[in-house]
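Report on one structure; see the data block that follows.
Each chain gets a letter, A, B and so on, in the order its sequence line appears, and its residues count up from 1. Just so it is clear, the model here is predicted, and its values are computed rather than measured. Worth knowing before you read on, the calculation uses all heavy atoms, side chains too, and leaves out hydrogens, waters and symmetry mates.
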Amino acid sequence: MKEYDHKKIEKKWQTIWQENKVYKTLDNSKKKKFYVLDMFPYVSGEGIHVGHPKGYIATDVVSRMKRMQGFNVLHPMGFDAFGLPAENYAIKTKTNPVISVAKNIARFKKQLAIIGFDYDWEREVNTSDPKFYKWTQWIFLKLLEKGLAYESNEPVNWCPKDRTVLANEDVEDGKCERCGTIVEKKPIRQWVLKITDYADRLLADLDELDWPESIKESQKNWIGRSEGAEINFQIIFKNGGKPGLIPIFTTRPDTIFGATYLVLSPEHPWVTLAIDDNHKGVIDNVLEVGKYVKEVKNKNDIERTSLDKVKTGVELKGVKAINPATREEIPVWIADYVLLNYGTGAVMAVPADDARDREFSEKFKLPIFENYQKAGFEDFGKKVIKFKLRDWVFSRQRYWGEPIPILRVVDPEGIEGMGKVIPVKEKDLPVKLPKVKSYEPTGTAESPLANVSNWINVKKGQKIFKRESNTMPQWAGSSWYYLRYMDPKNNKALVDKKKEKYWNMVDLYVGGAEHATRHLIYARFWHKFLYDIGVVENKEPFKRLQHVGLIIASDGRKMSKRFGNIINPDTVIHTFGADTLRLYEMFMGPFDQAVAWSEEAIIGPRRFLERVWKIGKKVKERETKDFLSLRPRSRKGREPTTLENPLSPFLQKLLHKTIKKVTEDIEAMKFNTAISSLMIFMNEVEKFDSLSSDVYKKFLQILAPFAPHITEELWNMLGEKKSIHLSSWPKYDSEKIKDKEIKIIVQINGKVRAEILVEGDETEENIKQKSLKNEAVSKYTEDKEIKKIIYVKNRLINIVL
RNA sequence: GCCCGAGUGGCGGAAUUGGUAUACGCGCACGACUUAAAAUCGUGUCUCGUAAGGGAUGUGGGUUCGAUUCCCACCUCGGGCACCA
């Protein structure tokens with residue numbers, strides 16, 4: 001037998017696995033199912049680095065163990081392909097996105113293939129495939145039907161560089177999340193999804209999910225629920241206008257006695273009306289107010305909301321409000337620190353209690369009631385709940401996305417119904433994205449599709465329609481793709497009812513934490529909607545979520561082309577092999593934590609595999625003898641301990657302990673300690689001259705999920721005909737794990753002074769006496785009074801003097 | 001500002017219903033093998049001390065027979081939210 005030749009072994013088994021469809025997932029199985037899913041990759045053009053496959057390796061390890069444990073495992077892979085980054089890449093490289101996306105996927109798959117994953121590629125999905133996005137469009141139609149999709153002309157975030165509107169979730173610190181350009185507020189016709197209808201459920205159902213607390217916390221912050229009260233303030237006009245009411249929102253209605261003025265958002269509809277031409281005279285300083293409103297309109301969010309900014313505002317002269325608690329007349333101001341789209345767009349200012357109100361009062365010399373009477377929480381207002389979450393701006397003025405399946409009536413004669421929105425009929429789905437030569441964004445409310453006349457114009461009989469030119473955002477397909485893996489080729493339904501019932505829900509979902517407030521909120525929203533209309537059985541899509549910690553470069557920075565610090569998995573596999581790469585990535589540190597890549601440390605897992613190989617060689621050489629003597633290797637300066645007695649079941653016991661540890665650690669995704677225990681086992685085995693092939697094979701089985709190729713080769717070499725990955729996961733025997741002799745630590749006043757060996761069933765009194773008799777102990781205890789002896793079962797004795 | 005999470009050898013890290021701190025791996029040192037080197041194998045590797053013994057898990061307190069683990073205050077780093085009333 002030869003040296004450990006990873007190249008030969010890995011290629012050989014990858015081919016055999018594929019040819020024999022070892023990892024095919026069955027639909028109708030009597031077995032219990034296990035659905036383990038990776039967040040599918042967005043393939044925008046750059047090749048991958050060693051950080052990308054880390055999560056895939058983890059799910060691969062879990063899925064392999066689950067399969068060996070007898071589960072019917074669904075572990076699929078697919079591609080998120082629509083959206084801005086892919087289109088920008090296409091524009092940059094002057095390649096049609098249809099072609100560039102296909103090319104990038106092919107390259108990505110090639111890079112994945114050599115890592116040895118157990119995907120069932122027959123279930124691959126691609127969000128830009130018409131057979132797939134037919135159902136994305138179908139969901140949109142259902143949302144529309146249920147009143148959860150609507151058109152709006154409200155000012156929205158507009159990225160001038162990408163020339164499209166963005167959802168709230170796509171804006172980070174007032175900048176476009178993709179390109180960093182400062183976003184503008186522009187009123188543009190757009191499609192919006194009413195995610196806010198689900199705000200309370202999205203929040204409440206977090207409690208029942210096995211997700212990292214940090215992600216739940218992010219979602220809670222993002223949804224931003226606050227309980228408060230709406231209180232009406234009466235408005236009166238000095239020049240004799242008819243009084244009106246303005247509702248304000250506050251989380252502190254008890255502070256109402258301290259409210260010394262009212263502040264409205266400059267965009268408040270009441271203000272808009274008051275400075276309207278037809279309503280001149282309602283307020284005295286219309287010109288001043290109008291000027292301020294205009295100034296505010298021209299500011300972007302960064303200018304408006306930066307914290308160090310000095311507060312600005314204008315009083316509405318000739319207008320007063322009545323504080324319903326004190327019955328006093330108080331002034332009314334407008335200021336841009338009050339936002340229109342939160343609460344009611346109006347607040348009562350309590351400068352004594354609120355830092356912002358205080359700052360504003362001090363600047364404009366407004367009264368502050370330092371000591372005022374506190375009111376009961378519900379004395380003045382009706383209780384209301386507000387959310388920070390905004391509706392999801394769902395249309396993009398870009399080419400590369402799912403067309404929104406909408407028609408509008410076009411009628412040159414101006415007959416009734418013109419401009420009316422007509423949903424495309426279900427039977428006419430998918431509305432296919434036409435192939436075009438030019439797909440540069442137009443910079444208007446229309447996408448480039450508006451100029452594709454043979455696509456945008458639809459004639460049906462006498463009637464002429466125009467298609468909706470906007471497309472869906474990148475996040476549409478990923479909001480439901482996990483359902484399609486259950487039934488990827490179904491033409492009749494998004495997913496077959498029976499199959500959905502069998503597979504739902506995703507048992508384990510693994511991906512980056514950066515998706516906390518976008519993909520993971522959108523997907524939960526769509527899933528809940530699909531639940532409401534009876535498409536899915538469960539109200540949540542992902543039972544358990546784990547996030548992958550980044551792999552950063554050894555210089556401590558992110559791996560990036562820019563820094564020239566990218567480690568390519570292909571190179572690592574070439575040098576060390578896929579099994580070593582897999583093992584190292586799982587061993588480097590806790591799975592969910594960011595760890596730096598080390599070109600030095602990867603040698604450790606490689607050395608480990610080489611030792612596994614060497615032992616395998618020995619086991620094979622002696623295979624003729626069924627059971628090999630466990631004679632300790634004679635080594636100078638070291639007498640074999642009793643545990644290494646040839647007849648002792650030491651290795652048996654260690655094996656069972658290792659099986660237990662590895663099984664539990666994989667389940668808990670503590671791969672680093674699972675591997676550590678495998679290494680400990682190998683270290684012990686090496687102290688023996690030889691090893692029974694039975695024990696060794698069990699060891700191979702629990703190593704197999706981490707290092708599928710080398711274990712398959714050794715397994716096969718030892719005469720096994722069936723794939724190791726289809727063998728049964730070893731079970732540990734809890735009787736065999738029990739220690740006959742237990743080491744007890746003897747402490748004196750909390751300091752370790754000795755250790756004694758006791759039988760497993762020895763009485764407490766016996767153990768105490770034994771410890772007191774110990775020489776090292778009696779040295780300390782003589783002439784001293786023993787106050788107390790504490791015994792912790794199977795662990796220690798603490799003698800308190 | 002508010003809300004989460006984390007701080008342990010030269011490095012990645014291990015140890016939780018409070019019970020031997022530093023498992024496993026890397027690195028380093030010494031030794032074996034070699035003409036030599038690499039690879040491999042062996043031994044050692046928190047720190048002060050000749051030793052007995054002492055000290056150390058970001059810092060300072062507390063609870064306890066006993067604290068990396070629990071409590072309080074603070075410092076640093078990472079993440080989320082943020083003129084959200």
Side-chain angles (χ1 to χ4, degrees), chain A residues 173 212-226 228-229 248-252 255 259 263 265 304-309 311 335-339 341-350 353-357 359-360 386-390 513-514 516-517 549-550 554 583-584 587-590 592-605 607-608 610-611 614 635-638 670 672-683 686 743-755 779 787-801:
Chain A
D173 293 324
E213 277 310 313
S214 59
I215 294 225
K216 288 194 193 182
E217 205 54 41
S218 299
Q219 292 209 351
K220 278 181 196 162
N221 284 338
W222 189 260
I223 295 165
R225 181 184 195 271
S226 52
I248 62 98
F249 175 70
T250 177
T251 52
R252 295 289 308 276
T255 64
V263 192
S265 160
R304 182 162 168 176
T305 62
S306 66
L307 282 169
D308 46 352
K309 197 200 89 173
K311 287 200 167 27
D336 67 355
Y337 78 89
V338 175
L339 309 171
N341 51 11
Y342 186 74
T344 60
V347 300
M348 64 177 195
V350 185
D353 257 20
D354 185 287
R356 293 159 309 190
D357 295 343
E359 192 196 324
F360 194 77
K386 298 284 178 191
F387 295 94
K388 284 189 217 167
L389 185 72
R390 303 274 178 273
E514 69 275 14
T517 55
L550 285 178
S554 46
L583 209 54
Y584 176 58
F587 183 62
M588 344 178 26
D592 58 356
Q593 195 177 298
V595 188
W597 183 265
S598 160
E599 298 200 52
E600 282 180 330
I602 192 173
I603 193 71
R607 281 179 191 150
F608 168 69
E610 269 167 17
R611 297 203 322 256
K614 238 188 262 173
R635 272 204 317 243
K636 51 185 170 183
R638 188 169 171 277
K670 286 154 80 177
N672 53 336
T673 47
I675 292 167
S676 151
S677 70
L678 289 164
M679 286 172 167
I680 290 170
F681 181 80
M682 252 306 118
N683 289 346
E686 284 187 324
K743 196 168 69 174
I744 299 281
I745 295 303
V746 186
Q747 294 184 337
I748 291 166
N749 287 341
K751 293 220 155 96
V752 182
R753 298 299 180 189
E755 50 184 59
K779 199 169 86 188
K787 284 192 187 140
K788 213 193 227 175
I789 298 181
I790 291 138
Y791 172 62
V792 183
K793 196 161 186 270
N794 295 345
R795 288 216 181 252
L796 59 76
I797 293 263
N798 190 11
I799 301 164
V800 186
L801 299 177

Atom [atom1] of [X] and atom [atom2] of [N]: how far apart are they, to the nearest Å?
X        : N     : atom1 : atom2 : value
A/Arg753 : B/A52 : CZ    : P     : 12 Å
A/Met679 : B/G12 : CE    : C1'   : 12 Å
A/Lys751 : B/G55 : NZ    : C1'   : 9 Å
A/Glu217 : B/C3  : CD    : P     : 10 Å
A/Leu389 : B/G80 : CG    : C1'   : 15 Å
A/Asn749 : B/U64 : CG    : P     : 15 Å

[X] near the nucleic acid: base, sugar-phosphate alone, or nothing, with a heavy-atom cut-off under 4.0 Å?
X        : result
A/Pro212 : nothing
A/Ser598 : nothing
A/Gln593 : sugar-phosphate
A/Val595 : sugar-phosphate
A/Val347 : base

Among [options], find the nucleotide with the atom closest to the side chain of [X].
X        : options             : answer
A/Thr673 : B/G19, B/A15, B/C24 : B/A15
A/Glu600 : B/A85, B/C65, B/C26 : B/C26
A/Asn798 : B/C24, B/A85, B/G66 : B/G66

OP1 or OP2 of B/G25 versus the side-chain N and O atoms of A/Asn683: is any pair under 4.0 Å?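 Yes, A/Asn683 has a side-chain N/O under 4.0 Å of OP1/OP2 on B/G25.
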Considering just the side-chain nitrogens and oxygens of A/Arg607, establish if one lies under 4.0 Å of OP1 or OP2 belonging to B/G25. no
Any idea if B/G66 is syn or anti, going by the 90°-from-0 cut? anti
